[in-house]
Peer 1: 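Below you'll find the structure I mean.
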Amino acid sequence: MSTTQDKQLSDMKISEVLIPAEKVAHVQLNNPLEHALLVLMKSGYAAVPVLDATYKFAGIIGKTVILNEVLGIESFEMERLSEIRVMDAMAANVPTLTRENSLLDGLNASIDHPFVCIVDKDGYFDGILTRRAILKQVKKDIYMNAYKK
Ligand code: 4BW
């Protein structure tokens, strides 16, 4: 039986390299931007998924968007961090895929996005596919093909 180790990227599904939901830092729609910024700073990530109260995927929020929201004419108006909610600042129009999509679909999406959110058929958050996971697989493919010659 072939394992992820010796499979070609073109034969793989997203489920084989997905980071599962329980390992992904996230925030919720109703959280204030202050909480989202804390999660982003403490996790070290530039952007994380936004979920609703039932764990359905809703969008993505990142540090740049948050800082833009509180950027005044000459200074940052930090008190606004507690006034604005994540749902009013996040990017909602982002592509999603399912764990059954091919890794090639993921590769296409990751050209424009550092990570792609994976959802089930009802929109519940399943995890993320990162560029890192895809690049690791691309590297394996290149090495495997080099040894075949
Ligand atoms: O805390 C980190 N741990 C590790 N192991 N690597 C990290 C960490 N923070 C950043 N990195 C590296 C990764 O290679 O820097 C790249 C860019 O991070 P980003 O985008 O700009 O914060 C990381 O590349 P990646 O693994 O391909 O991840 C792409 C993007 O996916 C990240 C972040 O927005 C999101 N992400 C990755 N893992 C996540 C996550 N978001 C929430 N929870 C996670 N566990």
Side-chain angles (χ1 to χ4, degrees), residues 2-71 76-78 80-146:
S2 74
T3 62
T4 307
Q5 287 263 312
D6 54 24
K7 259 191 188 174
Q8 296 268 347
L9 184 149
S10 52
D11 297 330
M12 292 177 68
K13 287 189 172 180
I14 284 174
S15 55
E16 296 174 72
V17 296
L18 167 96
I19 299 180
E22 62 273 16
K23 291 192 176 163
V24 178
H26 73 274
V27 296
Q28 297 208 331
L29 279 171
N30 274 322
N31 290 149
L33 290 189
E34 187 172 30
H35 175 77
L37 193 53
L38 272 172
V39 169
L40 289 161
M41 295 307 295
K42 291 203 165 177
S43 66
Y45 295 118
V48 294
V50 179
L51 309 184
D52 75 8
T54 68
Y55 282 71
K56 279 191 174 171
F57 174 70
I60 286 174
I61 187 98
K63 287 173 186 159
T64 308
V65 163
I66 294 177
L67 290 178
N68 263 324
E69 284 288 331
V70 298
L71 180 62
F76 287 106
E77 295 160 3
M78 299 309 263
R80 302 191 65 217
L81 283 175
S82 57
E83 295 161 9
I84 304 170
R85 283 183 300 173
V86 165
M87 67 171 75
D88 297 318
M90 69 180 194
N93 190 15
V94 290
T96 58
L97 292 170
T98 72
R99 56 168 58 233
E100 292 309 314
N101 276 111
S102 70
L103 203 51
L104 279 177
D105 293 331
L107 174 62
N108 278 329
S110 78
I111 290 170
D112 290 327
H113 304 276
F115 68 101
V116 184
C117 290
I118 310 304
V119 298
D120 74 7
K121 63 178 177 18
D122 300 313
Y124 289 100
F125 182 63
D126 228 354
I128 58 172
L129 174 68
T130 62
R131 267 189 194 153
R132 181 169 191 270
I134 290 177
L135 285 174
K136 277 172 78 176
Q137 206 52 49
V138 169
K139 182 183 158 190
K140 272 187 198 160
D141 263 31
I142 292 169
Y143 277 65
M144 263 196 321
N145 289 331

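In each ligand, atom 1 is the first atom listed, and ligand 1 is the first ligand listed.
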Peer 1: Starting from atom 45 (N) of ligand 1, what is the nearest protein heavy atom, named by residue and atom, and what distance separates them?
Peer 2: Lys23 O, 3.1 Å

Peer 1: Kindly compute the distance separating CG (Leu97) from CG (Asp105), expressed to the nearest 0.5 Å.
Peer 2: 6.0 Å

Peer 1: Within a distance of under 4.0 Å, is there any protein heavy atom near atom 16 (C) of ligand 1?
Peer 2: no

Peer 1: Going by distance only, is there an N or O of Ala47 that falls short of 3.5 Å from an N or O of ligand 1?
Peer 2: yes

Peer 1: Checking contacts here: is it the side chain or the backbone of His26 that comes within 4.0 Å of ligand 1, counting heavy atoms only? Could be both or neither.
Peer 2: neither

Peer 1: What distance separates Asp126 CG from Ser15 OG, expressed to the nearest 0.5 Å?
Peer 2: 9.5 Å

Peer 1: In this structure, are over 12 heavy atoms from other groups packed under 6.0 Å from Lys139 atom NZ?
Peer 2: no

Peer 1: Just which atoms of ligand 1 are under 4.0 Å from any heavy atom in Arg131?
Peer 2: 27 (O)

Peer 1: Where do Cys117 and Ile128 come nearest, in terms of heavy atoms and distance?
Peer 2: SG-CG2, 4.1 Å

Peer 1: Within the structure provided, determine whether Asp141 and Met144 are in side-chain contact (heavy-atom separation under 4.5 Å).
Peer 2: yes

Peer 1: Minimum distance, heavy atoms only, to atom 40 (C) of ligand 1: which one of Leu129, Val48, Ile128 is it?
Peer 2: Ile128

Peer 1: If you measure from each non-hydrogen atom of Leu135 to ligand 1, which part falls under 4.0 Å: side chain, backbone, both or neither?
Peer 2: neither

Peer 1: First locate atom CD of Glu83, then atom CG of Asp88, and finally report the distance between them rounded to the nearest 0.5 Å.
Peer 2: 12.0 Å

Peer 1: Who's the nearest protein heavy-atom neighbour of atom 9 (N) of ligand 1, and how far?
Peer 2: Tyr45 CE2, 3.5 Å

Peer 1: Say whether, by atom type as modelled, one donor and one acceptor occur between the side chain of Asn101 and the main chain of Thr98 under 3.5 angstrom.
Peer 2: yes

Peer 1: Considering non-hydrogen atoms of the protein only, which is the closest contact for atom 30 (C) of ligand 1, and what is the distance?
Peer 2: Phe115 CD2, 3.6 Å

Peer 1: How far is atom 29 (C) of ligand 1 from its nearest protein heavy atom, and which residue and atom name does that atom have?
Peer 2: Pro114 O, 3.3 Å

Peer 1: List the atom of Ile134, the atom of Ser110, and the distance in Å for their closest heavy-atom pair.
Peer 2: CD1-OG, 3.5 Å

Peer 1: Does CG belonging to Asn93 count more than 12 external heavy atoms closer than 6.0 Å?
Peer 2: no

Peer 1: Starting from atom 26 (O) of ligand 1, find the nearest protein heavy-atom neighbour and note its residue, name and distance.
Peer 2: Arg132 CB, 3.3 Å

Peer 1: Is there a protein heavy atom less than 4.0 Å away from atom 22 (O) of ligand 1?
Peer 2: yes

Peer 1: Could you measure the distance from the CG atom of Leu107 to the CG atom of Leu129? Nearest 0.5 Å is fine.
Peer 2: 9.0 Å

Peer 1: Can you confirm whether some protein heavy atom lies under 4.0 Å from atom 5 (N) of ligand 1, or whether none does?
Peer 2: no

Peer 1: As an exercise, identify every atom of ligand 1 less than 4.0 angstrom from a heavy atom of Thr130.
Peer 2: 25 (P), 26 (O), 27 (O), 28 (O), 31 (O), 37 (C)

Peer 1: Which of the atoms in ligand 1, numbered in the order shown and given with their element, are less than 4.0 Å from a heavy-atom of Ser43?
Peer 2: 1 (O)

Peer 1: Taking distance alone, with no angle check, do Ala46 and ligand 1 share an N/O pair under 3.5 Å?
Peer 2: yes

Peer 1: Would you say atom 1 (O) of ligand 1 makes contact with the protein, given that contact here means a non-hydrogen protein atom less than 4.0 Å away?
Peer 2: yes

Peer 1: Does any N or O of ligand 1 fall below 3.5 Å from an N or O anywhere on Ala25, backbone included?
Peer 2: yes

Peer 1: As an exercise, state the distance from CZ of Arg85 to CG of Leu29, rounded to the nearest 0.5 Å.
Peer 2: 9.0 Å

Peer 1: Below 4.0 Å from any atom of ligand 1, is there a heavy atom belonging to Gly62?
Peer 2: no

Peer 1: When rounded to the nearest 0.5 angstrom, what distance separates NE2 in His35 from CG in Leu40?
Peer 2: 9.5 Å

